[in-house]
Amino acid sequence: MEKDYKVYTIRRLFKEDIPLIEKCYSRYDFLHFNPLNTEYIEQTLLSGSFWGVFCTGQITALAYIQPAEKLPFSALNAAWEITDMLNCNLADYLLRGYIWTDKSCSQQELYSAFAKLWTIQAAHMGKKNILHYLPAHTEIDFRRLFRNGFLLAGLRGLDNIVPHYIFTAPAQLKKEPVKYRHTKTCPLSDTMTISMLCEHGYTGFGTDRQNNLLLGR
């Protein structure tokens, strides 16, 4: 019996795709603040780009990138908070913004495909690092993010006090493992402790078999 294989393609979206982009990102409307409104999308198309993953003509995932120091992201309170947390002006960072995925394909290796794309795009834009932030009140695949070279830099309440996880990664296809002198383990549900540890110099780098967060410094 032959196994059915799905073929996924990634393509850039343009102005005529704005209604599709709005529809996908409306999933974040339950938050106190969803930055992906029409104006934000239009500005992002000028300074960055949206990329969609498609299967048999249907969109299954969507994400956007732009230089982190450019509008419209730089106008958000999130940009100020992240700049303060990382203690830099974000000029060397490519922003990897909110990611939308169709629930039917949440287990696919979409993060891996996106990670390679973002690394290539960062090189084209002359960016040394990738910044990824996403709301804490959403499903987050920590294991896959860490597997693709991302590290948890912090957990902060950003726009309208919506808490966000902030991840960073070097813009390299081959990520070198980081060695830590001190490590701690913390349940992912204990967001207060995770935030405190990150504020005190710890970085999230993995999860254990019980799905607890591993942090080091």
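Only heavy atoms go into these numbers, but all of them, side chains included; no hydrogens, no water, no symmetry mates.
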Are [X] and [Y] linked, directly or through other ILVMFWY residues, by side chains that come within less than 4.5 angstrom of each other?
X    : Y    : result
M192 : L158 : no
I18  : F14  : no
L36  : W118 : no
Y28  : F50  : yes
F150 : I99  : yes

Might you point out which heavy atoms bring [X] and [Y] nearest each other, and give the distance in Å?
X    : Y    : value
G204 : F146 : O-CE2, 3.3 Å
A153 : L86  : CB-CD2, 4.1 Å
R12  : S49  : NE-CB, 3.3 Å
A171 : A122 : CB-CB, 3.7 Å
L155 : A136 : CD1-CB, 4.2 Å
L76  : P35  : CD1-CB, 4.1 Å

For residues 38-53, which residue pairs qualify under salt bridge (Lys or Arg N to Asp or Glu O under 4.0 Å), counting only residues two or more places apart or in two chains? none

With sequence neighbours left out, which residue pairs that include part of residues 208-217 fulfil the salt bridge (Lys or Arg N to Asp or Glu O under 4.0 Å) condition?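 Salt bridge (Lys or Arg N to Asp or Glu O under 4.0 Å) check on residues 208-217 returns no pairs.
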
Could you measure the distance from the [atom1] atom of [X] to the [atom2] atom of [Y]? Nearest 0.5 Å is fine.
X    : Y    : atom1 : atom2 : value
L31  : H137 : CG    : NE2   : 7.5 Å
H132 : L151 : NE2   : CG    : 13.0 Å
E139 : L134 : CD    : CG    : 11.0 Å
L197 : L213 : CG    : CG    : 8.5 Å
L13  : L45  : CG    : CG    : 8.5 Å
F142 : T207 : CZ    : OG1   : 9.0 Å

Counting only pairs under 3.5 Å, give me each side-chain donor-acceptor contact of residues 63-70, with atom names and distances, residues two or more places apart or in other chains.
residue: Y64; atom: OH; partner: Y40; partner atom: OH; Å: 3.1
residue: Q66; atom: NE2; partner: S47; partner atom: OG; Å: 3.3
residue: Q66; atom: NE2; partner: K70; partner atom: O; Å: 3.4
residue: Q66; atom: NE2; partner: L71; partner atom: O; Å: 3.1
residue: E69; atom: OE1; partner: K127; partner atom: NZ; Å: 3.3
residue: E69; atom: OE2; partner: K127; partner atom: NZ; Å: 3.1

Got a sec, which pairs hit ring pair (Phe, Tyr, Trp, His ring centres under 6.0 Å) with one end in residues 182-203, sequence neighbours left out?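 Found none.
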
Please, which pairs that meet ring pair (Phe, Tyr, Trp, His ring centres under 6.0 Å) have at least one residue in residues 71-97, sequence neighbours excluded?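 For residues 71-97: F73-Y133.
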
Can you list, pair by pair, the side-chain donor-acceptor contacts under 3.5 Å of residues 162-169, counting residues two or more places apart and other chains?
residue: H164; atom: ND1; partner: V162; partner atom: O; Å: 2.7
residue: H164; atom: NE2; partner: Y98; partner atom: OH; Å: 2.6

Just to verify, what does D159 make a salt bridge (Lys or Arg N to Asp or Glu O under 4.0 Å) with, not counting sequence neighbours?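 With neighbours one apart ignored, the set is empty.
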
Walk me through it: do I41 and N37 pass the test side-chain contact (heavy atoms from CB on, under 4.5 Å)? CA-CA 6 Å; I41 292 170; N37 55 36; over 6 Å; no

Could you walk me through whether D84 and R156 pass side-chain contact (heavy atoms from CB on, under 4.5 Å), step by step? CA-CA 11 Å; D84 177 67; R156 284 197 177 191; 3.2 Å; yes

Stepwise side-chain contact (heavy atoms from CB on, under 4.5 Å) test for L131 and R96: CA-CA 6 Å; L131 168 67; R96 169 180 170 174; over 6 Å; no

Can you name the side-chain contact (heavy atoms from CB on, under 4.5 Å) partners of [X], sequence neighbours left out?
X    : value
C186 : D190, T193, I194, L215
T183 : Y180, F205
R27  : W100, K103
D29  : S26, N34

Any [X] side-chain heavy atom under 4.5 Å of [Y] side chain:
X    : Y    : result
I130 : T119 : yes
F54  : R11  : yes
W51  : L62  : no
N212 : L188 : no

Does the pair E22 and T38 meet the rule for a side chain to side chain donor-acceptor pair (under 3.5 Å), with working shown? CA-CA 7 Å; E22 290 178 320; T38 303; 2.2 Å; yes

Kindly give the cluster partners of I161, where membership spreads through any ILVMFWY side chain lying under 4.5 Å from a current member.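 Same cluster as I161: nobody, lone residue.
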
Just by modelled atom types, is the [Y] backbone N or O under 3.5 Å from a matching donor or acceptor in the [X] side chain?
X    : Y    : answer
N148 : L145 : no
T60  : V53  : yes
T83  : A79  : yes

Please determine whether side-chain contact (heavy atoms from CB on, under 4.5 Å) holds for the pair C24 and I59, giving the CA-CA distance in whole Å, both sets of side-chain angles, and the decisive distance to 0.1 Å. CA-CA 9 Å; C24 292; I59 190 165; 4.1 Å; yes

